[in-house]
Amino acid sequence: MKKKQFKTESKKLLDMMINSIYTNREIFLRELISNASDAIDKRYFRSLTEPESGLNRDEYEIFIKTDKDAGTLTVSDNGCGMTAEELENNLGTIAKSGSLDFKNENSSDNVDIIGQFGVGFYSAFMVADRVTVTSKVYGADTAYRWESEGVDGYTLEPCEKDTVGTEIVLHIKPDTEEEDYCEFLEQYTVQRLVKKYSDFIHHPIRMDFETEKPVEGEEGKTEKVIERRTLNSMTPVWKKQPAEVTEEEYKSFYSQKYYDYEAPLKVIHYRQEGAVEYTAMLFIPSHAPIDYYSKNYEKGLTLYSSGVMIMERCADALPDYFSFVKGVIDSSDISLNISRETLQQDHQLKTIAKAVEKKIKSELLKLMEADREKYETFYKAFGSQLKFGVYSDYGMHKDQLKDLVMFITSNEMKYSTLKEYIDRMPSEQKAIYYACGDTPEKAMRLPQAAAVKAKGYELLLLTEDVDEFTLQTLMSYDDKKFVNVATDELDLTTEEESKKLKEENESEKELLDFIKESAGGLNSVKFSASLGDHPAALSSEGGMSIEMAKVLSKMPEADGSLAASLVLEINSGHPVTAKIKELFASDKDKCAKYCKLLGAQARLLSGLEIDDPEEFTRLVSELMV
Ligand code: ADP
């Protein structure tokens, strides 16, 4: 029979499996069982509208058989089965789900990918040198057999099979000097692996055991009997009382289901009684999945209706800003027959989603109180998502989220919530001050930041693109306005100082105009009293801050129209200013050069590029000789 070829991606994965670069081979069984369980769910689900296609609920099972003589391990199910076309598409092509993106040929990275996503059906090739899949769907006249010995391809042909479902026969590899494959032909190995990886699978996983039993009525005589045992405990973890679930159980459920081998940071498991009844078991991961901040990431909770899965990933169950939460919701109030479309409109689901959201928020606040270190770990992984949540949807959710966000502050360079900041504020402080930079240290280096600190005020130090947009959306906290120190909103000067500055600005108008012309790219130039020991610094006026303009100019649709109106602030008491004043009277040429340098310095301090680096270096060199 002619062999068909695997798709390229599949071939690569298969090759990895066969060469077993992944050491945790035993997971193959978990993968096959989980496919079998999904197939049973699918058949059951279909039978709700097409009763004749299904079985009685208690007839569904996954059956495992080992045969030492033949060297085979067989996993069969009475699930939905696969047509010839499905066998071809599902087993000939991997990564349809998009979860396996083979960007990297590097083997150590591949190991990582496997750890993150699981590997599905092909993992069978880690332990088998030939895999035979026989499958039949409801209503079909014939079954089909798919068989492959690995990368060379596979065959597909019609065959006989009485029952609907799938049977997968693994021809287990012979032992090698380093590897013991035959252990997978031992019943106790299978038993152990089912317990370890698939205990919560909600269909029975069964195996026949041969035992000796005393023959009734005949003293001392025994006979061999076959006993069919269920290997998994089946009760889904979330159905148990939270107090009865061990940490290990949560962890094993979580890692199997979400392919994250690091324990979750927090488990939220509770049962809600009342108007709507549901059980939720939610996990907050301890780190962001590698695709979390990308378009590929799909949020959602798995929905069950009385223990039967109705939707694998229900996005409507979670708001975007809590998209990192994983878990299940089980509710008898959600109808089993509900379709994806009607689910979106479903009143019960909406009520549950609202309640779940509230619960997540209160649990996060509790965590913040009870275990600050853990909360900070969480925040480092998912804080950006929360801040983005404040800003998105025109700030609709800001009240929900404002107490969960934190920023590094200037006091101890540690995270602080807005409330904590407010609580520390001296009574005369009018606003919440913040400075932006690539790092907290850089933000602190802004002359205006130093001036605010010198006044005895604390600053929030903003380092992420989303940060300032978040604060702009919040506008104020506890009636205190947020003020970017590098804008015209900073107002630390006393009335007297302001008057003096105003007079100075007026009397030196000619000089200021000259500086503006010479330095270039400025909206205005003025004297300031908030620069500490720096001669000059940039600020902005009119709403668009320097940092916001930077962020917006990075956006793909940026057209350059979103620039900040730059103000060059000059420290009137600084010797450099005195020098410029002097040159303005005696040597305009040289004065113009100094103004250029001053403007360029201020741009560098704000993390902006200078327009003409060549000229800048030439001017600095002139000063050096
Ligand atoms: P995944 O389960 O991640 O989609 P797999 O490689 O494990 O990837 O399986 C590919 C597909 O083959 C499954 O999505 C499913 O449609 C089908 N499949 C696998 N095993 C079975 C089975 N026992 N019964 C029916 N369909 C199956």
Side-chain angles (χ1 to χ4, degrees), residues 6-7 9-18 22 25 27-47 53-55 60-65 73-102 113-128 131-140 143-148 150-151 154 156 161 163-170 197-198 201-206 256-260 291 296 298 302 309 311-313:
F6 286 103
K7 300 265 159 62
E9 307 280 70
S10 315
K11 225 169 157 165
K12 273 191 219 161
L13 182 62
L14 253 177
D15 200 37
M16 273 162 55
M17 290 303 135
I18 292 160
Y22 190 51
R25 295 194 177 86
I27 59 141
F28 80 92
L29 190 62
R30 162 195 94 184
E31 301 290 311
L32 297 183
I33 288 174
S34 138
N35 281 347
S37 171
D38 289 349
I40 293 175
D41 283 344
K42 281 183 202 159
R43 183 172 181 191
Y44 176 78
F45 193 55
R46 197 172 302 159
S47 76
S53 70
L55 300 170
Y60 290 110
E61 70 171 5
I62 297 161
F63 191 75
I64 303 182
K65 204 168 87 187
L73 171 69
T74 304
V75 179
S76 26
D77 64 69
N78 46 17
C80 62
M82 284 177 274
T83 61
E85 205 185 356
E86 282 167 342
L87 279 164
E88 177 114 43
N89 286 339
N90 294 342
L91 307 185
T93 321
I94 193 81
K96 277 199 304 150
S97 58
S99 55
L100 284 158
D101 191 358
F102 283 87
I113 290 170
I114 293 169
Q116 291 267 347
F117 296 111
V119 279
F121 170 74
Y122 284 7
S123 59
F125 287 96
M126 293 198 285
V127 298
V131 178
T132 313
V133 182
T134 313
S135 199
K136 188 177 177 185
V137 297
Y138 176 77
Y144 285 88
R145 178 180 298 121
W146 179 101
E147 189 166 72
S148 172
V151 274
Y154 58 91
L156 185 63
K161 185 177 189 304
T163 52
V164 170
T166 303
E167 181 189 84
I168 300 182
V169 182
L170 309 186
Y197 291 111
S198 312
I201 291 284
H202 52 276
H203 300 293
I205 303 165
R206 298 198 173 112
Q256 283 164 56
K257 182 110 178 142
Y258 306 109
Y259 304 118
D260 180 359
D291 61 349
N296 293 337
E298 287 178 72
T302 310
M309 204 259 282
M311 196 171 181
E312 175 71 42
R313 199 176 282 124

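Values below: all heavy atoms of this structure, side chains included; hydrogens, waters and symmetry mates excluded. Order of listing sets the numbers, starting from 1, for every ligand and every atom in it. Count residues from 1 along the sequence.
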Heavy-atom donor-acceptor pair, K42 side chain to C80 backbone, under 3.5 Å: no

D77 contact mode with ligand 1 (heavy-atom cut-off under 4.0 Å): side chain

Proximity to ligand 1 by part of N90, non-hydrogen separation under 4.0 Å: both

Parallel, tilted or perpendicular: rings of Y154 and F6 (30°, 60°): tilted

Option from L73, V75, I64 for which side-chain contact (heavy atoms from CB on, under 4.5 Å) with L32 holds: V75

Minimum heavy-atom distance between Y60 and S47, given as atom pair plus value: OH-OG, 4.3 Å

Heavy-atom nearest option to atom 7 (O) of ligand 1, drawn from N89, I33, N35: N35

Atoms in ligand 1 flagged as close to [X], the criterion being non-hydrogen separation under 4.0 Å:
X    : result
K42  : 16 (O)
F121 : 5 (P), 6 (O), 7 (O)
M82  : 17 (C), 18 (N), 21 (C), 25 (C), 26 (N), 27 (C)

R43/D77 under side-chain contact (heavy atoms from CB on, under 4.5 Å): CA gap, chis, key distance, verdict: CA-CA 11 Å; R43 183 172 181 191; D77 64 69; over 6 Å; no

